[in-house]
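Quick notes on the structure that follows.
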Amino acid sequence: MTRRVAIVGGGSSGLTCIKCCLDEGLEPVCFESSDDIGGLWRFKENPEPDRASIYHSVIINSSKEMMCFSDFPIPAHFPNYMHNSLIMDYFRMYADNFQLIKYIQFNTKVLQLKQRSDFSHSGQWDVETENKDGKKEKHIFDAVMICIGHHCHPNMPLRDFPGIDTFTGKYFHSRDYKSPEEWRNKKAIVVGIGNSGADIAVELSRVTKQLYLSTRRGSWILDRLGYSGFPLDLFFNRVLTFLQSVLPFGVVCGLAERKLNQRFDHALYNLKPKHRLFNQHPTLNDELPNRILSGTVQVKPNIRSFQGSSVEFDDGSVVEDVDLVVFATGYRFSFPFLASQVVSVSENKASLYKYVFPPELDRPTLAIIGLVQPLGSIMPVSELQARWATRVFKGCIKLPSMAAMQKDVQFKQKEMAKRYVTSPRHTIQIDFVSYMDEIAKLVGVRPNILWLLLTDPKLGLNVMLGPCTPCQFRLGGPGKWAGARQAILTQWERVARPMQTRPCDEPKCKRSLMWPLILSTAAVGLIFIFAHIFCYFLFWWGIFRLCCCCLFSAIVSVWA
């Protein structure tokens with residue numbers, strides 16, 4: 001019988017889980033609590049409880065070639081960094097192309113996931129759901145994939161801000177921020193310098209009387225633009241990953257930090273943190289230095305206390321008449337519909353093998369998809385996790401023993417604690433390329449670069465030296481896609497396409513005899529020099545041979 005798989009959530013991870021189930025001959029049923037797909041990327045004016053929410057102007061931090069699903073490249077005319085509305089358009093194209101919508105039950109909330117009484121034998125789950133009319137149903141599934149992400153429950157550490165209850169202005173979490181217009185000519189403070197905090201600070205600073213950006217540690221600020229104006233993440237490749245693994249950590253950080261400080265001096269802008277670049281998830285923002293330079297954003301330390309409309313900072317400075325405080329203080333994740341003994345979450349930490357499978361289960365029929373924080377896009381990571389999980393459900397791949405999985409979990413937790421500053425956002429941090437290769441190897445789809453260089457040098461060089469785009473994991477093995485090679489070889493064309501929006505006739509160089517004359521003169525000169533050296537060599541070679549003959553004759557004469 002076909003194994004039935006329950007998928008919780010119809011966002012980007014849920015969509016790719018549906019497709020991966022279909023690819024492996026499994027029967028997916030996706031439960032989505034809202035009335036549409038998209039999850040985090042679907043903008044709604046009014047945030048819904050226990051759901052991710054974004055503001056109107058959000059543009060993704062990953063370029064289209066790095067964020068697409070591996071067998072469905074984003075159309076060439078789409079911009080490299082897409083607005084959230086275009087991301088939704090892409091998801092709809094993906095869902096329509098693979099006919100995924102019919103497997104989704106909208107307006108259906110999962111109330112409880114529970115192991116069946118014979119779980120150790122069957123691996124099955126009881127799933128209780130509730131639709132928008134309040135009707136509850138119970139289902140039996142052979143496996144479950146949880147795809148709710150980690151941006152649902154805002155973290156509001158108000159106890160760390162004495163006097164917040166006396167604050168006469170308005171405060172809320174960044175999740176509830178939508179647009180800046182309400183705060184025109186007001187004073188506002190943004191707490192936190194992650195990606196959301198920096199984005200909101202920049203946007204508010206265009207309309208507010210003054211914007212203050214409060215940060216405890218500071219941060220290294222990356223730009224979306226890389227070399228020659230290409231998207232920065234296109235330079236995240238296997239060569240760079242290899243160098244990071246063999247060079248001393250301090251050397252790698254030093255080189256990258258020097259490059260960042262060439263754009264702007266982080267110490268001069270009061271942003272330089274005490275930690276090194278790769279000790280923290282860096283912030284990606286194109287405009288923050290410009291807003292600081294223009295004075296519309298002032299960087300401040302942590303808030304010490306509130307008193308009415310006044311805010312005091314740790315350096316003793318006080319700002320009066322503050323109208324708004326936005327807490328961009330991250331999120332906490334949990335699985336309220338799942339028993340704590342199945343997946344325990346403590347301080348944003350969950351013990352999962354390769355961040356996917358709970359190691360203590362008797363049967364590997366539960367997978368958490370997309371619960372990672374990569375320096376890169378989440379979409380291709382979730383897709384690879386789903387490809388791995390569905391093959392495990394199908395029985396094509398076996399997981400190691402419980403002890404081996406727990407050992408791997410502990411090792412990753414220790415490595416993370418050793419490298420990153422202590423923070424809730426660093427409990428699920430991964431390195432994009434190395435993690436993708438790690439999971440791809442388990443699935444059997446990691447590209448063999450040496451073999452590609454021998455059999456298809458052009459493709460091999462693109463895989464080795466080019467960006468680690470998701471299509472690389474469709475070149476062979478389970479789920480091989482015939483269009484993967486062409487997609488890789490044409491990826492730079494798709495990058496350039498949306499920027500070619502007008503004819504740009506470069507001035508044609510006038511023909512001149514100067515360079516041919518210079519090159520001809522240089523060639524004649526080189527010929528003359530080499531001829532001179534050759535004659536010089538022949539002359540001394542002749543002298544050497546004459547001396548040898550004379551010496552040989554003298555020796556023979558003496559001997560005779």
Side-chain angles (χ1 to χ4, degrees), residues 53-59 61 154-158 160-224 260-261 263-273 282-330:
S53 179
I54 57 174
Y55 42 98
H56 185 269
S57 61
V58 167
I59 293 175
N61 287 333
N155 178 42
M156 287 277 281
L158 297 182
D160 296 337
F161 298 92
I164 187 66
D165 54 324
T166 70
F167 182 54
T168 56
K170 188 174 182 179
Y171 67 88
F172 50 74
H173 192 270
S174 58
R175 174 182 178 274
D176 297 316
Y177 172 81
K178 294 300 171 184
S179 65
E181 290 306 318
E182 180 183 352
W183 308 104
R184 186 171 293 276
N185 297 321
K186 306 286 187 180
K187 284 186 181 180
I189 298 174
V190 174
V191 180
I193 197 172
N195 289 326
S196 295
D199 281 350
I200 293 172
V202 165
E203 184 167 277
L204 279 171
S205 71
R206 298 192 186 102
V207 301
T208 52
K209 183 178 181 181
Q210 184 62 60
L211 190 287
Y212 301 91
L213 178 57
S214 171
T215 170
R216 286 181 299 172
R217 298 191 187 94
S219 181
W220 295 100
I221 310 298
L222 273 63
D223 196 353
R224 284 187 177 90
L260 294 181
N261 280 324
R263 180 191 174 207
F264 74 93
D265 187 335
H266 283 63
L268 177 65
Y269 281 63
N270 206 24
L271 287 172
K272 184 179 179 180
T283 299
L284 196 69
N285 194 282
D286 303 312
E287 299 182 61
L288 182 59
N290 297 326
R291 307 311 296 181
I292 296 172
L293 195 63
S294 66
T296 55
V297 171
Q298 289 188 22
V299 181
K300 300 294 261 180
N302 194 42
I303 293 175
R304 179 181 291 171
S305 64
F306 289 84
Q307 182 61 50
S309 65
S310 301
V311 178
E312 182 181 3
F313 297 92
D314 280 347
D315 61 354
S317 61
V318 177
V319 176
E320 306 283 353
D321 303 321
V322 176
D323 301 288
L324 168 69
V325 177
V326 179
F327 288 96
T329 45

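Both backbone and side-chain heavy atoms feed into the values below; hydrogens, waters and symmetry mates do not.
- If you take CZ on Phe327 and CG on Leu158, they are separated by 5.5 Å, rounding to the nearest 0.5 Å.
- Scanning both residues, Tyr55 and Lys178, for their nearest heavy atoms gives CB-O, 3.5 Å.
- Between Lys187 and Asp323, no side-chain nitrogen of the basic residue sits less than 4.0 Å from a carboxylate oxygen of the acidic one, so the salt-bridge criterion is not met.
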Handout entry: Phe264 and Ile221: CA distance, side-chain angles, deciding distance, side-chain contact (heavy atoms from CB on, under 4.5 Å) verdict
Key = CA-CA 9 Å; Phe264 74 93; Ile221 310 298; 3.9 Å; yes
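- Contact annotation: the side chain of His56 never approaches that of Tyr177 to less than 4.5 Å [non-hydrogen atoms, C-beta and beyond].
- Taking all atoms of both residues into account, the shortest heavy-atom contact from Ser174 to Val326 is CA-CG1, 3.8 Å.
- The minimum heavy-atom distance linking Leu213 with Gly197 is given by the pair CD1-O, 4.4 Å.
- With a 4.5 Å cut-off on side-chain heavy atoms, Lys186 and Lys170 do not count as touching.
- A heavy-atom distance below 4.5 Å is found between the side chains of Val325 and Val191.
- Summarising the geometry of Asn195 relative to Leu284, their closest heavy-atom pair is OD1-N, 2.8 Å, with the distance given to 0.1 Å.
- For the residue pair Val58 and Ile54, the shortest heavy atom distance occurs at CG2-CB, 4.0 Å.
- For Arg263 and Asp223, the salt-bridge test passes: some basic side-chain N is under 4.0 Å from an acidic carboxylate O.
- Atom-to-atom distance recorded for Asp176:CG and Met156:CE is 8.0 Å, nearest 0.5 angstrom.
- Of all non-hydrogen atoms in Ile193 and Thr283, the two that sit nearest each other are O-OG1, 2.6 Å.
- Here the side chains of Leu324 and Phe172 are in contact, with some heavy-atom distance below 4.5 Å.
- A donor-acceptor pair under 3.5 Å links the side-chain atoms of Asn261 to the main chain of His266, judged by distance alone.
- In this structure, the side chains of Leu288 and Leu271 come closer than 4.5 Å at one or more pairs of heavy atoms.
- A search for salt bridge (Lys or Arg N to Asp or Glu O under 4.0 Å) contacts involving Asp265 returns nothing, not counting sequence neighbours.
- Checked by atom type and distance alone, the side chain of Ser317 never pairs as donor or acceptor with a backbone atom of Phe313 at under 3.5 Å.
- Inspection of the Glu203 and Ser57 side chains reveals an N or O donor paired with an N or O acceptor under 3.5 Å.
- Between Leu293 and Tyr269, the closest side-chain pair of non-hydrogen atoms falls below 4.5 Å.
- Here Asn290 pairs with nothing under the side chain to side chain donor-acceptor pair (under 3.5 Å) rule; sequence neighbours left out.
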Exercise for the section: Test Val190 against Tyr212 for side-chain contact (heavy atoms from CB on, under 4.5 Å), laying out the working first. Expected result: CA-CA 6 Å; Val190 174; Tyr212 301 91; over 6 Å; no
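- Residues Lys300 and Asp315 are in side-chain contact: their nearest non-hydrogen atoms beyond the backbone lie under 4.5 Å apart.
- Separating the CD atom in Gln298 from the OG atom in Ser214 is a distance of 12.5 Å, to the nearest 0.5 Å.
- Checked by atom type and distance alone, the side chain of Thr296 pairs as donor or acceptor with a backbone atom of Arg291 at under 3.5 Å.
- Distance CD/Glu182 to CG/Leu204: 10.0 Å, rounded to 0.5 Å.
- With hydrogens and angles disregarded, no donor-acceptor distance shorter than 3.5 Å links the side chain of Gln210 to the backbone of Ile189.
- For the pair Asn185 (side chain) and Thr208 (backbone), a donor-acceptor distance under 3.5 Å is absent.
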Identify each donor-acceptor pair in which a side-chain atom of residues 302-310 lies under 3.5 Å from a protein atom, sequence neighbours left out, and give them as a table.
from, atom 1, to, atom 2, distance (Å)
Arg304, NH1, Glu312, OE2, 3.0
Arg304, NH2, Asp314, O, 2.6
Ser310, OG, Glu320, OE1, 2.3

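- Aromatic rings from Phe161 and Phe167 are positioned such that their centres are separated by 6.0 Å or more.
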